[in-house]
Amino acid sequence: MSTLVGEGLTKTYGSGHTAVTAVADFDIALEAGEVVVLLGPSGSGKTTLISLLAGLLRPTAGTVRLNGEVFRADDPRAPTLRLRHVGFAFQTFNLLPTLSVLDNVALPLRLGGERRKPARRTAAQWLDAVGLDNRSTNYPRHLSGGEQQRVSLARALVGQPDIVLADEPTASLDTRTGAEITDLLTELTRQNHQACLIVTHDSRLADAADRLIHMNDGRQADPVASG
Ligand SMILES: Nc1ncnc2c1ncn2[C@@H]1O[C@H](COP(=O)(O)OP(=O)(O)O)[C@@H](O)[C@H]1O
Ligand SMILES: [Mg+2]
């Protein structure tokens, strides 16, 4: 059984002559321990697809299955399921500026109802795993972009989700730092037997993939045809 499956996913924004179909009849299945890189140019529908898979956006058509069960964005249990099963990393890191590095990482556990002390203890272990154990009392503004992305990886992984979804995780970083972040993300998710989906416009990330998918105009594309 695949960890996360999208079947016939379609998303149309707006209606009438202004309608834009961002994702069109897209099938995708993510397996535990596997890194999938989805490569597509800007505007090809990557963020929309990841939002559909995460249950953050309701598809116009199609179904998402999480560990075999239908996962609907409008299900009242969706936020809890997402918190428990899905970790996120973003291009802009999305750290909370008013929380320390340690508390940013602990946040998913705190939202899941864990007490402060054990949540912080687990968070400290993940900060260690991303090489930032010495930064726990700093605030995000004290960190470089690469460090902030490491914190955001620790936060994505702290709850040991089944799936990690990364939207352009290297797009704000220089080449070398981006490569380090990609290595760290893929090593940790493989070690922890998680399904990992990285969506990006950067073809340099292709090497990180166990499986590469190309996307163009909302559809799976032939890599030759899409260049
Ligand atoms: N909230 C929205 N409302 C209307 N159109 C949108 C919205 N979000 C994205 N789009 C359009 O959908 C298409 C795909 O966008 P997006 O999923 O952000 O692609 P990517 O992440 O690959 O750049 C683009 O044409 C974009 O303009
Ligand atoms: Mg995007």
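Computed from heavy atoms alone, side chains included, the values below leave out hydrogens, waters and symmetry copies. Quick caveat, the model's predicted, so the values are computed rather than measured.
- At least one side-chain heavy atom of F26 sits less than 4.5 Å from a side-chain heavy atom of M215.
- Within 6.0 Å of CZ in R72 there are 12 or fewer heavy atoms belonging to other residues, nucleotides or ligands.
- Taking CG from D167 and CG from L49, the interatomic distance works out to 10.0 Å, rounded to the nearest 0.5 Å.
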Report, one line per pair, each donor and acceptor closer than 3.5 Å where one atom sits in a side chain of residues 76-83; sequence neighbours left out.
{"from": "R77", "atom 1": "NH2", "to": "D75", "atom 2": "OD2", "distance (Å)": "3.1"}
{"from": "R82", "atom 1": "NE", "to": "A54", "atom 2": "O", "distance (Å)": "2.8"}
{"from": "R82", "atom 1": "NH2", "to": "G55", "atom 2": "O", "distance (Å)": "2.9"}

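- Heavy atoms from other residues, nucleotides or ligands lying under 6.0 Å from CG of D217 number 12 at most.
- For the pair V151 and L143, the minimum side-chain heavy-atom distance is below 4.5 Å.
- For the residue pair Y13 and T48, a side-chain donor N or O sits within less than 3.5 Å of a side-chain acceptor on the partner.
- Using cut-offs of 30° and 60° on the angle between ring planes, the pair F90 and F88 is parallel.
- Of the N and O atoms on the side chains of Q220 and H214, not one donor lies less than 3.5 Å from an acceptor on the other residue.
- Looking only at atom types and distance, the side chain of S100 has no donor-acceptor partner in the side chain of T137 under 3.5 Å away.
- The side-chain hydrogen bond (donor to acceptor under 3.5 Å, both in side chains) pairs that include a residue from residues 29-39 are S2-E31, E34-R211, where partners are two or more places apart or lie in different chains.
- With E147 contributing its side chain and S144 its backbone, the two residues share a donor-acceptor pair below 3.5 Å.
- For the 3.5 Å distance criterion, the side chains of D202 and T200 fail to qualify, holding no donor opposite an acceptor.
- Among residue pairs with one or both ends in residues 182-193, those qualifying as side-chain hydrogen bond (donor to acceptor under 3.5 Å, both in side chains) are R190-D210; sequence neighbours excluded.
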